[in-house]
**Student:** 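After the structure tokens below, expect a handful of questions from me.
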Amino acid sequence: MKAPIMEVFSSIQGEGLLMGRRQIFVRFAGCNLSCNYCDTPESRDASSGERVSVEELHETVKGLITPDFHSLSITGGEPLLYPEFIEEFLDGSPYSALLETNGSLPENARRIAHLFDHASVDIKTPEHFSEDTRGDSTKSDISWSRDIIDREIQVVNILISKGANTYCKVVVMPTTRADYIGNLAKRLREDVDEPEKLSMVIQPCSSPGGWAGNTPRLLEMSQEAGKYMDVYVIPQMHRALGLR
Ligand SMILES: C[S@@+](CC[C@H](N)C(=O)[O-])C[C@H]1O[C@@H](n2cnc3c(N)ncnc32)[C@H](O)[C@@H]1O
Ligand SMILES: Nc1nc2[nH]cc(C(=O)O)c2c(=O)[nH]1
Ligand code: SF4
Ligand SMILES: [Mg+2]
């Protein structure tokens, strides 16, 4: 079996609750969303990857193991587009794995959630999409994205129920309303089956220079989310350090 893989590399996890861990990243090519902030836009096109077999991927990963290796990061693009390949690759794999997903494909998640010890589910917001597809982000109401958030919450519930240490990640802009993040946290608190097992990571968008003078907004967002959930504000460490 083969799947389009854009890159396999060893680095330090730069995001979320495994930040600082040495990981081997497997970046699948192809994505079903088009976030306007995506820092790996080339990964959205499945043709940006080389078709690799499970056996070839095992060999490549084996050659990248280091003494400080902690886990695999299965990312993309959107890895949930390739559940059969991931199932074959991780089934019987000796390595712990993190799933880095946009959470939009619950049925695919259901098939492979049991193979992950860790999971990061991105919660996409109106600002993440272009004008023609997003709702009215001038309001604090999250109704515009009900469908995608419904699916992301389903994926969170599936991953937690299968034992993955799961957190959600929200990429925020200097323009993101603090009460929007508060309402998002409230919705997650209400609809996630085991909310005590879920933390929210507020991740500042890494568009250069966007945060100078806007950081008080991060405190406001954290405070609003903290009314409902365990919350962290964590920037992308690898980009600040120039790590891959
Ligand atoms: C490239 S995506 C691939 C995995 C999956 N498609 C997703 O969206 O989670 C990996 C992560 O990068 C983060 N990311 C991408 N572009 C970013 C940016 N400009 N600023 C901050 N985080 C970003 C998102 O949080 C996303 O979870
Ligand atoms: N160092 C490093 N950490 C990361 N965390 C999430 C990443 C991703 O693109 O999925 C990423 C990445 O591309 N590099
Ligand atoms: S879902 Fe992930 S890979 Fe796809 S466009 Fe958004 S950030 Fe990029
Ligand atoms: Mg990245």
Side-chain angles (χ1 to χ4, degrees), residues 3-49 61 64 66 68-83 86 96-106 108-109 116-130 132-134 145 147-149 151-152 155-156 159 164-173 176 199 201-208 232-244:
I5 291 179
M6 193 179 133
E7 56 183 352
V8 184
F9 62 98
S10 172
S11 187
I12 306 291
Q13 173 54 250
E15 299 180 16
L17 302 191
L18 287 183
M19 177 185 279
R21 288 298 195 182
R22 186 66 180 272
Q23 290 191 311
I24 293 171
F25 293 77
V26 177
R27 189 184 305 287
F28 285 89
C31 186
N32 58 334
L33 297 185
S34 56
C35 308
N36 50 26
Y37 64 73
C38 185
D39 64 5
T40 327
E42 64 282 10
S43 70
R44 286 164 35 190
D45 178 354
S47 66
S48 71
V61 165
L64 290 171
T66 51
D68 56 340
F69 171 75
H70 177 266
S71 51
L72 299 171
S73 175
I74 306 298
T75 185
E78 179 43 49
L80 285 184
L81 291 171
Y82 308 104
I86 291 172
S96 172
L98 161 73
L99 173 64
E100 186 87 64
T101 178
N102 64 30
S104 65
L105 299 164
N108 293 5
F116 289 94
D117 300 296
H118 308 278
S120 169
V121 181
D122 248 40
I123 307 288
K124 306 297 181 181
T125 76
E127 295 171 303
H128 295 165
F129 300 96
S130 57
D132 57 344
T133 55
R134 79 176 174 188
S145 59
D147 174 47
I148 191 165
I149 290 186
R151 282 183 273 152
E152 287 159 350
V155 169
V156 165
L159 287 159
N165 296 308
T166 304
Y167 54 93
C168 63
K169 205 155 16 97
V170 190
V171 173
V172 294
M173 321 294 174
T176 304
S199 298
V201 174
I202 294 172
Q203 182 160 301
C205 182
S206 63
S207 50
Y232 298 77
V233 176
I234 308 179
Q236 289 178 302
M237 175 269 278
H238 61 294
R239 292 174 68 83
L241 294 176
L243 263 174
R244 186 172 182 185

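Whatever order the structure lists ligands and atoms in, that order sets their numbers, starting from 1.
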**Student:** Is there any protein N/O under 3.5 Å from an N/O of ligand 2, and what does the full list of such pairs look like?
**Tutor:**
{"from": "ligand 2", "atom 1": "1 (N)", "to": "I12", "atom 2": "O", "distance (Å)": "2.8"}
{"from": "ligand 2", "atom 1": "1 (N)", "to": "R244", "atom 2": "O", "distance (Å)": "2.9"}
{"from": "ligand 2", "atom 1": "3 (N)", "to": "G14", "atom 2": "N", "distance (Å)": "3.0"}
{"from": "ligand 2", "atom 1": "5 (N)", "to": "Q13", "atom 2": "OE1", "distance (Å)": "2.7"}
{"from": "ligand 2", "atom 1": "9 (O)", "to": "R27", "atom 2": "NH1", "distance (Å)": "2.9"}
{"from": "ligand 2", "atom 1": "9 (O)", "to": "R27", "atom 2": "NH2", "distance (Å)": "3.2"}
{"from": "ligand 2", "atom 1": "10 (O)", "to": "T75", "atom 2": "OG1", "distance (Å)": "2.6"}
{"from": "ligand 2", "atom 1": "13 (O)", "to": "R27", "atom 2": "NH2", "distance (Å)": "2.8"}
{"from": "ligand 2", "atom 1": "14 (N)", "to": "R244", "atom 2": "O", "distance (Å)": "3.3"}

**Student:** Check whether S73 reaches the backbone of F25 with its side chain - one donor and one acceptor, N or O, closer than 3.5 Å.
**Tutor:** no
**Student:** Under 4.0 Å, heavy-atom basis, I'd like to know which part of E78 is in contact with ligand 3: side chain, backbone, both or neither.
**Tutor:** neither
**Student:** Among all protein heavy atoms, pick out the one at the shortest distance from atom 8 (Fe) of ligand 3; state its residue, atom name and that distance to 0.1 Å.
**Tutor:** C38 SG, 2.4 Å
**Student:** Is the backbone N or O of D122 less than 3.5 Å from a side-chain atom of N102, with the two atoms forming a donor-acceptor pair by type?
**Tutor:** no
**Student:** Using atom types as modelled and distance alone, determine if a side-chain donor or acceptor of S48 lies under 3.5 Å from a backbone N or O of E42.
**Tutor:** yes
**Student:** Quick check on contacts: which atoms of ligand 3 are under 4.0 angstrom from a heavy atom of G77?
**Tutor:** 3 (S)
**Student:** Among protein heavy atoms, which lies nearest atom 4 (Fe) of ligand 3, and at what distance?
**Tutor:** C31 SG, 2.3 Å
**Student:** Could you give me the CA-CA distance, side-chain angles and deciding distance for T101 and E78, then say whether side-chain contact (heavy atoms from CB on, under 4.5 Å) is met?
**Tutor:** CA-CA 6 Å; T101 178; E78 179 43 49; 2.7 Å; yes
**Student:** Has the side chain of R22 got a donor or acceptor atom that lies under 3.5 Å from a matching backbone atom of I12?
**Tutor:** no
**Student:** Decide whether Y232 and K169 meet the rule of one side-chain donor and one side-chain acceptor closer than 3.5 Å.
**Tutor:** no
**Student:** Considering only heavy atoms of R44, which atoms of ligand 3 have at least one such atom less than 4.0 Å away?
**Tutor:** 5 (S)
**Student:** So which protein heavy atom does atom 6 (Fe) of ligand 3 come closest to, and at what separation?
**Tutor:** C35 SG, 2.4 Å
**Student:** What protein heavy atom sits nearest atom 2 (Fe) of ligand 3, and how far off is it?
**Tutor:** K124 NZ, 4.0 Å
**Student:** Which word best sums up how the rings of H118 and H70 line up, parallel for under 30°, tilted for 30 to 60°, or perpendicular for over 60°?
**Tutor:** tilted
**Student:** Just checking, is any N or O donor in the side chain of S104 or N32 under 3.5 Å from an acceptor N or O on the other one?
**Tutor:** yes
**Student:** Between N108 (side chain only) and P83 (backbone N and O only), is there a donor and an acceptor less than 3.5 Å apart?
**Tutor:** no
